[in-house]
Amino acid sequence: MFLEDLRTACAKDPALRGARRVEVLLYPGLWAIWSHRVAHRLHRLGLPFLPRLLSQSVRSLTGVEIHPGAVIGRRCFIDHGMGVVIGETAVVGDDVMLYHRVTLGGTGWWTDTPTARRHPSVGDRVVLGVGATVLGPVHIGHDTLVGAHSLVLRDVPAHSTVRSPLATHQPKQPPHPLRRRTDHDLDTPLRDRVDRPYPPGGAAPLR
């Protein structure tokens, strides 16, 4: 399974080519997944404290927080990794790719019930873009692309594309033109000029 993860990373990251493939061992997402598999097994055995201690230690090293109770499928690849959060009851399918700052979280303690699933389930071959946020017990269908910075609060059918609104721009207003100085200004004392930078004995006025 470890070799499978390495092959997946090399196949999905164009930066890993030729001799640089050895750099895959430095990828925090891989170490987060490998550590989670150990923590998840300890969690299923019912051991207290130790699984969470392992996950929190890995979080401090990789920036990826995966609760030991989360179920992660095979060949899951977390690119960059920083800021990824996966909640306790989340389920991630096979061949899923997550970019940094992805959140698979709940909708808040005030909506939770003790026995209900609180976090999303993600189907196979799903791509979650940068900053994608999926909240609550929703399902993301197979072969779905969730675009960067999308907020998902409802189920998404298979073979779908989810996009967030694109940023808009407005033309920048030109600065207010300053009054051109005249020879009279140069001969006038500063205290008598109409364009003096501040009133005598006071602070600059707010504009």
Side-chain angles (χ1 to χ4, degrees), residues 1-44 51 54-105 119-135 138-152 155-164 166:
M1 187 173 291
F2 291 97
L3 291 177
E4 193 174 56
D5 293 332
L6 292 173
R7 294 192 191 100
T8 299
C10 292
K12 292 185 175 181
D13 191 343
L16 297 173
R17 294 291 181 266
R20 298 182 63 181
R21 289 188 177 184
V22 70
E23 296 175 4
V24 70
L25 296 175
L26 303 176
Y27 278 31
L30 282 175
W31 290 103
I33 291 292
W34 293 339
S35 301
H36 169 74
R37 289 183 180 142
V38 176
H40 183 65
R41 290 188 180 184
L42 296 177
H43 177 81
R44 294 186 62 182
L54 177 58
S55 68
Q56 292 300 302
S57 300
V58 173
R59 173 181 178 265
S60 65
L61 295 174
T62 65
V64 178
E65 180 175 351
I66 308 176
H67 193 284
V71 177
I72 307 295
R74 300 178 63 178
R75 298 177 298 277
C76 177
F77 178 47
I78 302 176
D79 197 7
H80 300 290
M82 183 60 67
V84 170
V85 177
I86 301 177
E88 178 183 12
T89 60
V91 178
V92 178
D94 297 334
D95 300 295
V96 173
M97 183 169 183
L98 299 86
Y99 287 88
H100 49 289
R101 295 177 59 194
V102 166
T103 299
L104 302 179
H119 301 97
S121 62
V122 179
D124 298 337
R125 297 173 301 279
V126 171
V127 177
L128 297 166
V130 177
T133 301
V134 188
L135 301 179
V138 301
H139 178 69
I140 306 297
H142 302 314
D143 302 289
T144 292
L145 172 62
V146 180
H149 302 288
S150 297
L151 174 61
V152 180
D155 291 346
V156 177
H159 308 283
S160 300
T161 300
V162 179
R163 294 189 179 94
S164 62
L166 295 177

If you count the non-hydrogen atoms of other residues, nucleotides and ligands that lie under 6.0 Å from CZ in R20, is the total more than 12? no

Which heavy atom in C76 sits nearest to a heavy atom in L98, and how many Å separate them? SG-CD1, 3.6 Å

Closest heavy-atom pair, R17 versus A11, reported as atoms and distance to 0.1 Å, is NH2-O, 4.5 Å

Okay, side chain of T133, backbone of T103: is any donor-acceptor separation there less than 3.5 Å? no

Using the rule given for side chain to side chain contact (heavy atoms under 4.5 Å, CB included), can you reason through Y99 versus V127, listing the C-alpha separation, both sets of side-chain angles and the distance that settles it, and then say yes or no? CA-CA 8 Å; Y99 287 88; V127 177; 4.0 Å; yes

Starting at CD1 of I78, measure out to NE2 of H36 and round the result to the nearest 0.5 Å. 9.0 Å

Give me the atom names and distance for the closest heavy-atom approach of A32 to V58. CA-CG1, 3.9 Å

Taking the side chain as everything from C-beta on, heavy atoms only, tell me whether V122 gets closer than 4.5 Å to T144. no

Is there a side-chain contact between V156 and V138 (heavy atoms, below 4.5 Å)? no

Between L61 and P28, is there a side-chain heavy-atom distance shorter than 4.5 Å? no

Is a side-chain N or O of R7 found less than 3.5 angstrom from the main chain of F2, in a donor-acceptor match? no

Nearest 0.5 Å, please: how far is NE2 in H119 from CD1 in I86? 10.5 Å

Minimum heavy-atom separation for S121 and H139, please, with both atom names. OG-ND1, 2.8 Å

Looking only at heavy atoms, what is the nearest atom pair of L30 and A9, with distance? CD1-CB, 4.2 Å

What distance do D124 atom CG and I140 atom CD1 have between them, rounded to the nearest 0.5 Å? 13.0 Å

Hey, what do you get for CG (L145) to CE (M97), rounding to the nearest 0.5 Å? 11.0 Å

Once you round to the nearest 0.5 Å, how far does CD of E4 lie from CZ of R74? 4.0 Å

Kindly say whether A148 contributes a backbone atom to a donor-acceptor pair with the side chain of S164 at under 3.5 angstrom? yes

Please step through side chain to side chain contact (heavy atoms under 4.5 Å, CB included) for the pair H149 and R101, ending with a clear verdict. CA-CA 9 Å; H149 302 288; R101 295 177 59 194; 4.0 Å; yes

When D94, D95, D143 are each screened for salt bridge (charged side-chain N to carboxylate O under 4.0 Å, His left out) with R125, the one that passes is D143

Quick check for you: to the nearest 0.5 Å, what is the distance between R37 atom CZ and D5 atom CG? 4.0 Å

Tell me if the CG atom of L166 is crowded by more than 12 foreign heavy atoms within 6.0 Å. no

More than 12 heavy atoms of other groups within 6.0 Å of R75 CZ: yes

Checking H100 side chain against M82 main chain: does a donor-acceptor pair fall under 3.5 Å? no

Under 30°, 30 to 60°, or over 60°: which ring-plane class applies to W34 and W31, parallel, tilted or perpendicular? perpendicular

Do L128 and L104 touch side chain to side chain, with heavy atoms closer than 4.5 Å? yes

So V134 and V102, side chain to side chain contact (heavy atoms under 4.5 Å, CB included) or not? Walk me through it. CA-CA 8 Å; V134 188; V102 166; over 6 Å; no

Compile the donor-acceptor pairs under 3.5 Å between side chains in residues 63-73 and protein atoms, sequence neighbours left out, one pair per line.
residue, atom, partner, partner atom, Å
E65, OE1, R59, NE, 2.8
H67, ND1, G69, N, 2.9
H67, NE2, R52, NH1, 3.4

Nearest non-hydrogen partners of Y27 and A15, listed with the distance: OH-CB, 4.3 Å

